[in-house]
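Here's the structure, in structure tokens; my notes come after.
Below, all heavy atoms of this structure are taken into account, side chains as well, without hydrogens, waters or symmetry copies.
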Amino acid sequence: MSENQSLSPSAIQASREVRAVISRLRRRILKASEVEDITLGQASVLARLSGKGGVTASELAAAEGVRHQSMTATVASLASMGLLERRPDPDDGRRLLITLTQEGQRRVEEGRQARTEWLAGQLQDKCTEEERRAVITTMAVLERLTRD
């Protein structure tokens, strides 16, 4: 946006409110699927691996925005819990590819289900049908903001 274009007060207020609510909602949704034996960072790695054929620790570190050493420690911890495995890359034996085990995939799916059920329950218990329809309409507007 150029400097000589001014933002409307409603655009500024909407921006602040959307960011604040999404941040709080994200924390609440994640908390709904918290598992005591894994951290939020570990859960994020498991979710990122879901549906992937195999990625390197470097690729995971870049995607998660952490140092390679930190990701190596996270991967080692998750591997020791039997949630993921490392195997040689068939195209480059020097690299290790990281994939979810069946148990890791099960944990990801259970977490998604818990988050979905928590949010659906909140919408059912705390909103009217009209409000839920308004949420659906609002999500379409917010989705439009994510497109380039």
Side-chain angles (χ1 to χ4, degrees), residues 7 10-148:
L7 296 171
S10 64
I12 292 169
Q13 180 181 356
S15 170
R16 287 181 181 142
E17 290 181 18
V18 166
R19 287 183 306 111
V21 168
I22 287 175
S23 180
R24 284 192 308 273
L25 183 59
R26 181 179 181 278
R27 283 192 300 274
R28 292 291 308 271
I29 290 171
L30 290 172
K31 186 176 181 186
S33 66
E34 265 184 16
V35 179
E36 293 178 13
D37 64 335
I38 65 172
T39 67
L40 197 54
Q42 290 170 329
S44 179
V45 168
L46 292 177
R48 191 169 298 281
L49 287 170
S50 182
K52 300 260 195 303
V55 298
T56 66
S58 295
E59 291 168 333
L60 277 175
E64 291 288 315
V66 299
R67 293 186 351 246
H68 183 271
Q69 295 85 346
S70 298
M71 184 54 64
T72 300
T74 298
V75 166
S77 178
L78 290 168
S80 72
M81 289 186 255
L83 301 177
L84 56 80
E85 60 188 8
R86 295 167 282 196
R87 55 184 166 73
D89 183 336
D91 298 326
D92 182 351
R94 299 169 294 175
R95 295 178 358 150
L96 291 176
L97 295 179
I98 302 162
T99 58
L100 288 178
T101 61
Q102 285 184 336
E103 176 64 13
Q105 185 62 44
R106 185 189 66 75
R107 292 280 289 270
V108 168
E109 290 167 7
E110 282 182 357
R112 285 182 183 145
Q113 182 67 27
R115 291 186 300 273
T116 296
E117 289 175 4
W118 177 84
L119 185 53
Q122 295 297 304
L123 290 164
Q124 180 71 36
D125 295 345
K126 296 180 179 179
C127 299
T128 65
E129 182 65 27
E130 184 177 324
E131 289 171 325
R132 288 189 294 272
R133 294 203 181 281
V135 168
I136 293 167
T137 301
T138 302
M139 291 301 101
V141 172
L142 293 176
E143 174 64 27
R144 215 173 49 227
L145 300 179
T146 66
R147 296 189 203 122
D148 290 334

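With hydrogens and angles disregarded, a donor-acceptor distance shorter than 3.5 Å links the side chain of Thr101 to the backbone of Leu83. Ser50 places no side-chain N or O within 3.5 Å of a backbone atom of Leu46 that could act as its donor or acceptor partner.
With sequence neighbours excluded, no residue forms a side chain to side chain contact (heavy atoms under 4.5 Å, CB included) with Thr116. With sequence neighbours excluded, the residues satisfying salt bridge (charged side-chain N to carboxylate O under 4.0 Å, His left out) with Glu103 are Arg106. Looking at residues two or more places apart in sequence or on another chain, you find no salt bridge (charged side-chain N to carboxylate O under 4.0 Å, His left out) involving Asp125. Partners of Glu143 according to the side chain to side chain contact (heavy atoms under 4.5 Å, CB included) rule, which considers only residues two or more places apart in sequence or in another chain, are Thr146, Arg147. Not counting sequence neighbours, the partners of Thr128 by the side chain to side chain contact (heavy atoms under 4.5 Å, CB included) test are Glu130, Glu131. For Asp92, the side-chain hydrogen bond (donor to acceptor under 3.5 Å, both in side chains) partners are Arg94, not counting sequence neighbours. Taking the salt bridge (charged side-chain N to carboxylate O under 4.0 Å, His left out) definition, one finds that Glu129 meets it with Arg132, Arg133, sequence neighbours left out. For Gln113, the side chain to side chain contact (heavy atoms under 4.5 Å, CB included) partners at least two apart in sequence or on another chain are Glu117. Listed by chain and residue number, Arg48 satisfy the salt bridge (charged side-chain N to carboxylate O under 4.0 Å, His left out) test with Glu64 (two or more places apart in sequence, or in another chain). Residues passing the side-chain hydrogen bond (donor to acceptor under 3.5 Å, both in side chains) test with Ser77 are Gln42, sequence neighbours excluded.
Nearest heavy atom pair, residue Asp91 against residue Asp89, reads N-OD1, 2.8 Å. Heavy-atom minimum distance, His68 versus Ala57: NE2-CB, 3.8 Å. Counting all heavy atoms, side chain and backbone alike, Leu97 lies closest to Pro90 at CD1-CD, 4.0 Å.
Taken from CD1 in Ile98 to NZ in Lys52, the straight-line distance is 12.5 Å, to the nearest 0.5 Å. In this structure, OG1 on Thr72 lies 9.5 Å from CG on Leu60, to the nearest 0.5 angstrom. How far CE of Met81 is from CG of Leu78: 4.5 Å, rounded to the nearest 0.5 Å.
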Report the C-alpha separation of Thr56 and Leu96 in whole Å, then their side-chain angles, then the decisive distance to 0.1 Å, and conclude whether the side chain to side chain contact (heavy atoms under 4.5 Å, CB included) test is met. CA-CA 6 Å; Thr56 66; Leu96 291 176; over 6 Å; no
As a quick check of understanding, evaluate side chain to side chain contact (heavy atoms under 4.5 Å, CB included) for Leu142 and Leu145, giving each step before the final call. CA-CA 5 Å; Leu142 293 176; Leu145 300 179; 3.9 Å; yes
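Proximity of Met71 to Val45: side-chain heavy atoms (C-beta onward) are separated by under 4.5 Å at one or more points.
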Donor-acceptor pairs under 3.5 angstrom involving side-chain atoms of residues 16-32: please list them, not counting sequence neighbours.
| unit_1 | atom_1 | unit_2 | atom_2 | d |
| --- | --- | --- | --- | --- |
| Glu17 | OE2 | Gln13 | NE2 | 2.7 |
| Ser23 | OG | Arg27 | NH1 | 2.9 |

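Sorted by first and then second residue, the side chain to side chain donor-acceptor pair (under 3.5 Å) pairs with a member in residues 78-87 form an empty list; sequence neighbours excluded.
Residue-environment remark: CD (Gln69) exceeds the threshold of 12 foreign heavy atoms within 6.0 Å.
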